[in-house]
There are 2 protein chains.
Amino acid sequence: MESNELKQEEIDKYSLRGRVFHKIREDILSGKYKDHEELKEVAIGNELGVSRTPVREAFRQLELEGLIQIIPNRGAYVTGIKAKDVKDIYMIRSKLEGLCARWATEHITQEQMEEMEENIYLAEFHASKGHMDQIAELDNRFHNILYESCDSKMLEHLLKDFHQYVWRVRQKTLASARGPVSNHEHRGIMEAIKAHDADQAEKLANQHMINAYDNMVKNGLYDIYKDEEE
Amino acid sequence: MESNELKQEEIDKYSLRGRVFHKIREDILSGKYKDHEELKEVAIGNELGVSRTPVREAFRQLELEGLIQIIPNRGAYVTGIKAKDVKDIYMIRSKLEGLCARWATEHITQEQMEEMEENIYLAEFHASKGHMDQIAELDNRFHNILYESCDSKMLEHLLKDFHQYVWRVRQKTLASARGPVSNHEHRGIMEAIKAHDADQAEKLANQHMINAYDNMVKNGLYDIYKDEEE
DNA sequence: AATGGTATGAATGTATACAATTATACCCAA
DNA sequence: TTGGGTATAATTGTATACATTCATACCATT
């Protein structure tokens, strides 16, 4: 009787609705809008060719994501990513990627397993050739496969958000000598999952994040997020 | 020169803006709106005495929180909390509350420590008297103190969201025999923090969540979220 | 010159009007 | 009766108009 209620979950997911939202989000994360910068509804609306209404709706979402702060009757201000936030995110991700790897070990499908293996082969190939752009892209994809394999919409959603959030930092990091090392760690996680060793998978995914963060600190690669004030 | 830019962070945080948002959110979490129910902008607007505009903005936020799903040009549908989601949240919280307790051990202030101790004394008192409402309220407060003590806006925000999310389930659970046991576990966490034993604090907070979940399953207390279909 | 108050402008908050899309009902034909 | 197509109604998407709030500048007073 209630079969046709919300079947079509994937319609238009990003085609029209959310276009404004994603554009502004991207502009904040890419650094176009600086920390503490005030975002004016009309200005952004004009720039994107839309009225204030969709811009305002996007603002409300961005506030919930913590990317901007809206002060009532005053305005919307960019909340720049602080070095402290990046550190916290990596520590939180360490725990959650571990949990995710554990669950992936229990729930990964044949198809996902194969895509993960293929991903690693490709990454190793591009690493040997020095194709940095592809490495970053494949790293992205590896983690997304992992997130999708854990069979938890909650955790998947959470990790994808964090992953997006530190996108800027990650891209720079992977373009360094960490790329190949990261690939090697991915292989370890993949093999643990394939061997159904959940403990090992969790442990390695856990450490993978800690290593990524340590490398970032060591190379001073995340000083683009340095806290100017406060 | 830029001293007066965004000083007043705490103005009106919940006075006017977000009133609609919080009301709808509460109505979903409290079960007023059932799973898969369609939310109509005008209907809710009339009910709250506002126009469609603020309702729409609230919808967009609620979608981001995962409480509703918006299908373009169709409507907004309540995404009921699934038993699977509750389980996932408790496992995720187990990891994150552990991390939080660890960080709290390192960063808790004197004032917060005192409030936490007072909270536990009060909870034990009300438990001995059988004041169930107060126990639920104090449990709420205990966790919020813990979240605020970890000195991480990221983690604090995350945990408060989850805490809110499973509010319905928690209230029922704490009204059972679990109340006093939960209090005892709180005491353990508090004492570990006070003794600056981060490992122990993490371990206990970790276990605290697992116990809460196990108790919930054992008593069948969370079948209000049972998955009717899918 | 410094202070305080008012006026003005600019931005946000909200309501409403209009456009576009979708669902429903009805009719007609096979 | 069934199937399809069109018309209509209802709902969402967007733009705009109006209301309110806040910041700035100017002016008057001391």
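Predicted model only: the values in this text are computed from it and were never measured. By convention in this document, chain letters (A, B, ...) are assigned in the order of the sequence lines, proteins followed by strands, and residues within each chain are numbered from 1.
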[X] [atom1] - [N] [atom2] separation (whole Å):
X: A:I44; N: C:dT12; atom1: CD1; atom2: C1'; result: 14 Å
X: A:Q69; N: C:dT12; atom1: CD; atom2: P; result: 15 Å
X: B:N46; N: C:dT14; atom1: CG; atom2: C1'; result: 15 Å
X: A:E41; N: D:dT14; atom1: CD; atom2: P; result: 15 Å
X: B:F21; N: C:dG13; atom1: CZ; atom2: P; result: 16 Å
X: B:I68; N: D:dT12; atom1: CD1; atom2: C1'; result: 13 Å
X: B:K40; N: C:dA23; atom1: NZ; atom2: P; result: 12 Å
X: B:E38; N: C:dT22; atom1: CD; atom2: P; result: 14 Å

Practice prompt. Please step through side chain to side chain contact (heavy atoms under 4.5 Å, CB included) for the pair B:L158 and A:F162, ending with a clear verdict.
Written response: CA-CA 11 Å; B:L158 206 55; A:F162 280 134; 3.7 Å; yes
Practice prompt. Decide ring-ring contact (aromatic ring centres under 6.0 Å, His included) for B:H36 and B:Y77; before the verdict, give the C-alpha distance in whole Å, the side-chain angles of both, and the deciding distance to 0.1 Å.
Written response: CA-CA 5 Å; B:H36 294 83; B:Y77 303 88; 8.5 Å; no
Can you name the atoms? Protein N/O to nucleotides 15-20 of chain C N/O, anything below 3.5 Å, with the distance.
{"unit_1": "C:dA15", "atom_1": "OP2", "unit_2": "B:S51", "atom_2": "N", "d": "2.7"}
{"unit_1": "C:dA15", "atom_1": "OP2", "unit_2": "B:S51", "atom_2": "OG", "d": "2.9"}
{"unit_1": "C:dA15", "atom_1": "N7", "unit_2": "B:T53", "atom_2": "OG1", "d": "2.7"}

Item to complete: Please check if the side chain of A:H107 supplies one atom and the backbone of A:W103 the other of a donor-acceptor pair under 3.5 Å.
Response: yes
Fill in: Phosphate contact (C:dG13 OP1 or OP2) by A:R56 side-chain N/O below 4.0 Å
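Yes, within the criterion.
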Worksheet item: A:R74 side chain N/O closer than 4.0 Å to the phosphate oxygens (OP1, OP2) of C:dT12?
Response: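 False: A:R74 side-chain N/O out of range (4.0 Å or more) of C:dT12 OP1/OP2.
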Worksheet entry | side chain to side chain donor-acceptor pair (under 3.5 Å) assessment of B:Q164 paired with B:R25 | CA-CA 10 Å; B:Q164 267 288 324; B:R25 190 177 197 277; 3.2 Å; yes
Discussion item. According to salt bridge (charged side-chain N to carboxylate O under 4.0 Å, His left out), who are the partners of A:E41, at least two apart in sequence or on a separate chain?
Written reply: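 Testing A:E41 for salt bridge (charged side-chain N to carboxylate O under 4.0 Å, His left out), a comparison that skips the adjacent residues, returns A:R52, A:R56.
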Item to complete: With B:H143 as reference, evaluate B:H163, B:K160, B:E97 under the side-chain hydrogen bond (donor to acceptor under 3.5 Å, both in side chains) test and give the passing residue.
Response: B:E97
